[in-house]
**Student:** 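Let me begin by handing over the structure; questions about it come next.
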Amino acid sequence: MKEHVQDAIAEVQGIAENWSAEEVLRWAFDRFGNNVAISSAFGVEGMAVIDIASRVNPGFRLFSIDTDFLFPETYNLIDEIEARYQVKIEKVYSLLSPEEQEQQYGSALWARNPDMCCNLRKVEPLRRKLGELQAWISGIRRDQTLNRASAHKIEWDSKFGLVKINPIVDWDSKKVWRYIHKHNVPYNPLHDQGYPSIGCTHCTRAIGPGEDPRAGRWSGFSKTECGLHLIEPAPPVPDPKTSASGACD
Ligand code: SF4
C-alpha cells in the first residue's frame with residue numbers, strides 16, 4: 001500500500017508543481033476523500049488554505065494541535081472559523097495536561113528545553129493524529145525557513161509515513177496577504193500587532209522593524225521549527241527522570 005501510494009506520488013509530483021492551489025487541493029480531495037485533512041495553527045497561510053479548501057470541498061476536514069498555551073486571539077479565531085466555514089475543528093491535545101507536564105518535567109519546560117516541550121505538546125499529538133490519515137495538508141511556504149525550501153506541492157512525508165500536500169508552498173507573503181484581503185478571510189488580529197508568526201504564548205513575541213519574520217518564535221534560542229515540518233526524525237521524548245534541560249534545534 002505504502003509503495004503503491006509512493007509510486008502514485010512520484011507520477012504526479014512534477015506535474016503538480018504547475019498546478020494552482022485549487023488544483024492541488026482538488027486532486028487531494030479526489031484522491032484521498034475523507035482520509036485527508038488540513039492541519040493548521042491558524043496563521044495567515046493556513047487561513048488562505050482553509051478558505052480555498054472551503055470552495056473546492058465544503059466538507060473538508062480540519063484539525064489543529066491545541067497545546068493549551070495558545071493566545072486568546074487564536075482561540076477566538078478558532079470559534080470564528082467554525083462559524084464561517086461550518087466546520088468542526090478536530091482538536092488534538094498532548095497526553096499530558098500543563099499541570100501533569102509541570103509535575104513530571106518541572107516548571108516552564110519551554111524556557112529550559114523547548115524541543116522537549118514541543119515534542120510533548122505538538123509532535124507526539126501530530127504523530128497520533130496523522131496515524132488516522134493517508135494524507136495531510138499544510139500551509140507552509142518554501143521561503144519561510146531553510147528546511148522548507150525544498151518542499152513540493154505533493155510529496156511523501158517520510159517522517160510521518162503518509163502523503164503531505166503543500167498547496168501554497170510557492171506563494172510568498174505578499175501573495176498570501178493579497179488573497180486574505182481579496183476574499184475577506186478572517187485572520188488573527190495579532191498579525192496587525194507585530195506578530196507575523198504566532199504559536200504558543202510562552203514562545204512567541206512581537207518583532208521589531210527589520211527583524212526576520214520568524215525572529216519572534218523561540219526568541220533567544222536557535223530553534224526555528226516546532227518539529228511538525230522538519231524532514232529529519234524528531235528526537236524521542238526523553239525520560240523525565242534522566243533528562244537535563246538543554247538547548248533546542
Ligand atoms: S511552542 Fe513553546 S510552549 Fe508551545 S509546545 Fe513548543 S516549547 Fe512548548
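Keep in mind it's a predicted model, so treat the numbers as computed, not measured. Positions are given from 1, in the same order as the sequence printed here.
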**Student:** Using the salt bridge (charged side-chain N to carboxylate O under 4.0 Å, His left out) rule, collect all pairs that involve residues 6-22, keeping only residues at least two apart or in two chains.
**Tutor:** E17-R142

**Student:** By salt bridge (Lys or Arg N to Asp or Glu O under 4.0 Å), which residues pair with D212, not counting sequence neighbours?
**Tutor:** none

**Student:** Run through the side-chain heavy atoms of Ile, Leu, Val, Met, Phe, Trp and Tyr, join any pair under 4.5 Å, and report what else lands in Y93's cluster.
**Tutor:** none

**Student:** List in chain and number order the residues that pass salt bridge (Lys or Arg N to Asp or Glu O under 4.0 Å) with R26, two or more places apart in sequence or in another chain; answer none if no residue qualifies.
**Tutor:** none

**Student:** Does the side chain of Y105 come under 3.5 Å of the side chain of N113 through a donor N or O and an acceptor N or O?
**Tutor:** no

**Student:** Write down the atom of P186, the atom of Y85, and the distance for their closest heavy-atom approach.
**Tutor:** CD-OH, 3.8 Å

**Student:** Please identify each residue that fulfils side chain to side chain contact (heavy atoms under 4.5 Å, CB included) with H191, with sequence neighbours left out.
**Tutor:** V44, W177, Y187, N188, I198

**Student:** How would you list, by chain and number, every residue that makes a side-chain hydrogen bond (donor to acceptor under 3.5 Å, both in side chains) with E211, sequence neighbours excluded?
**Tutor:** R205

**Student:** For the residue pair N166 / E155, report whether a side-chain donor-acceptor contact shorter than 3.5 Å exists.
**Tutor:** yes

**Student:** Do R31 and Q134 get their side chains close enough for a donor-acceptor pair, meaning under 3.5 Å?
**Tutor:** no

**Student:** Quick one: does W156's side chain get under 4.5 Å of V5's, heavy atoms only?
**Tutor:** yes

**Student:** Taking all non-hydrogen atoms of both residues, which atom of S94 and which atom of R128 are closest, and how far apart?
**Tutor:** C-NH2, 4.0 Å

